[in-house]
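This report concerns only the one structure given below.
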Amino acid sequence: MSTFLWGVLPYLTLATLIGGTIWRYRYDKFGWTTRSSQLYESRLLRIGSPLFHFGILVVLIGHIGGLVVPESWTEALGVSEGLYHFNALLFGGIAGVCTLVGILILVYRRRTTGPVFMATTKNDKLMYVVLVAAIVLGLWTTLVSVGAGSEAHNYRETVSPWFRSIFLFRPDVDAMAAAPLQFHVHAIVGMLLFALWPFSRLVHAFTAPLHYLFRPYIVYRSRDRDASGSRPARSGWSAVGTTDRDRSSR
Amino acid sequence: MRVMAQMGMVMNLDKCIGCHTCSVTCKQAWTNRAGTEYVWFNNVETRPGQGYPRRHEDQTTWKGGWELGKRGNLKLKAGGRVSKLFGIFASPVQPQLSDYYEPWTYDYQTLIEAPLGDDFPVARPKSLITGENTKITWSANWDDNLGGTSELGHLDPIVEKIRRESEDVVKFELERTFMFYLPRICEHCLNPSCMASCPSGAIYKRAEDGIVLVDQDRCRGWRQCITGCPYKKIYFNHKSGKAEKCTFCYPRVEVGLPTVCSETCVGRLRYIGLFLYDADRVTEAAATPDEGDLYEAQLGLMLDPDDPAVIAQARADGIPDDWMDAARRSPVYALAKRYRVALPLHPEYRTMPMVWYVPPLSPIVDVLAGQGHDAEDRATLFGAIEALRIPVEYLAELFTAGRTDIITDVLRKLAAMRSYMRGVTLGRDGDASIPESVGMTEEAVYEMYRLMAIAKYDDRYVIPTAHVERAHELEELGCSLDFDEGPGMYESGPFGEASGRPAPVAVETFNALKQRQTSEAAPAGSDLRGRVNLLNWDGNGVPSGMFPPGTARVSAASGAALGADEAEGEAPQPPQTRAEAKQSREDS
């Protein structure tokens, strides 16, 4: 069981995430959007959405710090385990609560504002369930750690080595198996979320427009190169051996 | 100097009767879809009025367009790149559906299905957003023809500003008010702030003709363009989650047809043609310190297509010769720069808009006529233009960032043209002092009159076609023989003419169709292989196979038709120049 959960599942998740994203980018660029509902309702969105998004960005940074940076590195910098843990719980806790409050406002808004609820798809609903579950379970691990005080489980000796080992293709199943239950559940729901990612509206995060900071304000494009004419219907099969006759191939 | 071509439009507001045909045909062509129910790429506003979306001209609220920074540099009014990215999760100034209107339909089914009873069944309005019963409280055109303006007119941002600044009272009482129509489309600006606001870089300006488009595959729905556009002419499709805007009907323009709004304009008030502009100086011109000088700065960007230096540079920059020719014949260049009677809409937004307007003389003429004056007498009109300060100030806020002197100059030119041409029409010799008094020659006034009053379709729309030899990389075009009258055109599938791959609806097919519809006879080589498909027959010529071979009827009928055409061709032509007109008058 452990082998499957911590040795196989991560790779299935990664394959779905990467393959799914490539597939979606290739075939559904038109569907790749934030699907903003600000046109319908703005008052609650302007509280909930920044709260959630900035919160989850801090949570993301915290996860990268905790999972990717080995404990030995921070200790070499003179940050003791106690200090690190205190900071992680403090900032992680604040960011986590912001994220949770933010998404609860957004879910409330989505349910109570007629047009927004009408624009909510089944896909969205499933995504919300998994996303809220991941956030709640993450906060649960934090709460348990806070409750345990200095006895708290040091995930940087169990979860983090396992996480890094995945990307070295030598999954350290035993390390993860040694972590307490709350980390197990949080990790599984997290993997589920990443598997859903390419197929939900979450994809918009992958096209966060950071290049806006560097591009010129005015964009010229040539009509010819970008073929702004209407497109041919994609054929349902590949035209093997007939590329010279295929009118849709460029 | 870098010469670029820009497709531009001029609207002569004196001719707009506010019939909304442009809006309706545009909507039918482009936004007749779910998600764009509330969207009007083209709309006609009654001025004074709030516009659509409501009060969109109030940039202290909506933060559209550009402003000058402390060092005199251009910056987006809604904030720079970093602040835009921080505001991306909930766009701080975003129009709501209520600022446009909640689109609705009627429950027509009840009319049909209601059981027999004493009361007439009623089709209740249903919201197209929620599907629920709704109360209609606003629309894209609620204050049409000054509807409700006595109550709501003060909400027009320009009225507000004039009242604040000059203490003049804009009158809304029925007897004392004025109004005119303002059709609006996307301005296809030279310095578009929507494009600058787009975090994804999905909005682009076509290098060939300057049309501004949204790449639907790259738009991610960050909504910043909607804030960025001061004209609020980018709309959010709430079903697809993407931005959409007026496309200047590029598929039509590419084949030399005018936009749908222009084609269907009842008043024939729209002109389409090319501008040549200096792309290297756009930012500099947009950063002109004094708002009042922006109109001149924008006009300064427009290059003279007869200037040898411009011609040489245009050739170096790859502008084809037929485009240069079109630029020389361009009606929009003539109205904007040669005669200086067309003005940009809200130059103070610093976006360098490329849809220009000839301001209306009609509020003034109407007031004069109402007072019992001879409204086309030069002295009366000239005096009135200065005296009736409110329309001029109102027009100045729309077209010249408050410079009433520019508006007065334009109105005087229009008034001079009326007075001068009235003299000519009444059989007198033109009074040369009239054009002189507005700094024009008799020839120029006559040419302007021709262009503004009696220009034909081909004079109003001078649209060079996109270049086929440059379009060979277009996705659809696979086989060059499919073009035009080539043998591969309309290749039949195995199950008859309509089977097989769908015919692509783009430049070349469109061009070929147009040629079929406008040419005298069916194109050679349209081999219908012994069958006649009347669905595809457009009434031109007689396709072989329609009648059995050898009947004399066919040739006789087509001969008669040709003869009629020729007779029509010999009909007397209207005089081409002022001198000719004079000549013909003397002859008769």
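Side chains are part of it too, since the values below use all heavy atoms of this structure and drop only hydrogens, waters and symmetry mates. The sequence lines fix the lettering, A, B, ..., with proteins before strands; numbering per chain opens at 1.
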Report the relative orientation of the aromatic rings in H238(B) and Y40(A); use parallel for angles under 30°, tilted for 30 to 60°, perpendicular for over 60°. perpendicular
Under 3.5 Å side-chain donor-acceptor pair for T33(A) and R220(B): no
Any chance CZ of F206(A) has more than 12 other-residue heavy atoms, nucleotides or ligands included, within less than 6.0 Å? yes
From CA spacing to verdict: side chain to side chain contact (heavy atoms under 4.5 Å, CB included), H53(A), I88(B): CA-CA 10 Å; H53(A) 281 96; I88(B) 209 167; over 6 Å; no
Taking K242(B) for its side chain and F30(A) for its backbone only, find out whether a donor-acceptor pair lies under 3.5 Å. yes
When rounded to the nearest 0.5 angstrom, what distance separates CG in L97(B) from CD in E41(A)? 12.0 Å
Given heavy-atom pairs under 4.5 angstrom as the criterion, report whether the side chain, backbone, both or neither of S98(B) touches chain A. neither
Tell me whether the count of non-hydrogen atoms from other residues, nucleotides or ligands lying under 6.0 Å of CZ in R43(A) goes above 12. no
Check whether L85(B) gets within reach of chain A through its side chain, its backbone, both or neither, counting any heavy atom under 4.5 Å. side chain
Donor-acceptor pair, side chain of T34(A) and main chain of G221(B), under 3.5 angstrom: yes
Can a side-chain donor-acceptor contact be found between E208(B) and S222(A) if the only test is distance below 3.5 angstrom? yes
Are there over 12 heavy-atom neighbours, none belonging to F199(A), within less than 6.0 Å of that residue's CZ? yes
Top contributor to chain A contacts, counting heavy-atom pairs under 4.5 Å, from S91(B), S193(B), S127(B): S91(B)
Sort V212(B) into side chain, backbone, both or neither according to what part of it lies under 4.5 angstrom from a heavy atom of chain A. neither
What's the shortest heavy-atom distance between S200(B) and H211(A), and which atoms? O-NE2, 3.3 Å
Heavy atoms only, distances under 4.5 angstrom: which of E102(B), K84(B), E132(B) has the most pairs with chain A? Name it, please. K84(B)
Interface moiety of L51(A) toward chain B, non-hydrogen atoms closer than 4.5 Å: neither
Among D28(A), T207(A), L45(A), which has the most heavy-atom pairs under 4.5 Å with chain B? T207(A)
Distance col, row I218(A):CD1 vs L190(B):CG, nearest 0.5 angstrom, shows 9.5 Å
Y217(A) six-ring centre to R81(B) NZ/CZ under 6.0 Å and within 45° of normal: yes
Answer with side chain, backbone, both or neither: which region of N191(B) has an atom nearer than 4.5 Å to a non-hydrogen atom of chain A? both
So which residue, C198(B), G241(B), P199(B), ends up with the most heavy-atom pairs under 4.5 Å with chain A? P199(B)
Is there a donor-acceptor contact under 3.5 Å from the side chain of R46(A) to the main chain of P92(B)? yes
Would the distance check show the side chain of Q38(A) and the main-chain N or O of R223(B) forming a donor-acceptor pair, the cut-off being under 3.5 Å? no
Any side-chain heavy atom of V219(A) sitting closer than 4.5 Å to one from I203(B)? no
Considering only heavy atoms and a distance below 4.5 Å, find which of S197(B), C219(B), G87(B), G80(B) pairs most often with chain A. S197(B)
Which region of A243(B), side chain (C-beta onward) or backbone (N, CA, C, O), has a non-hydrogen atom less than 4.5 Å from a non-hydrogen atom of chain A, or is it both or neither? neither
Could you measure the distance from the CD atom of Q94(B) to the CG atom of L39(A)? Nearest 0.5 Å is fine. 7.5 Å
Which heavy-atom pair separates Y220(A) from A279(B) by the least distance, and what is that distance? OH-CB, 4.2 Å
Distance in Å, F236(B) CZ paired with S37(A) OG, rounded so as to fall on 0.5 Å steps: 8.0 Å
Which one of F52(A), F117(A), F54(A) has the most heavy-atom pairs closer than 4.5 Å to chain B? F54(A)
Non-hydrogen atoms of chain A under 4.5 Å away: do they reach the side chain of F86(B), the backbone, both or neither? both
In short, R215(A) meets A196(B) closest at the heavy-atom pair NH2-O, 3.7 Å
Of all the heavy-atom pairs spanning W222(B) and P209(A), show the shortest one and how long it is. CZ2-CD, 3.5 Å
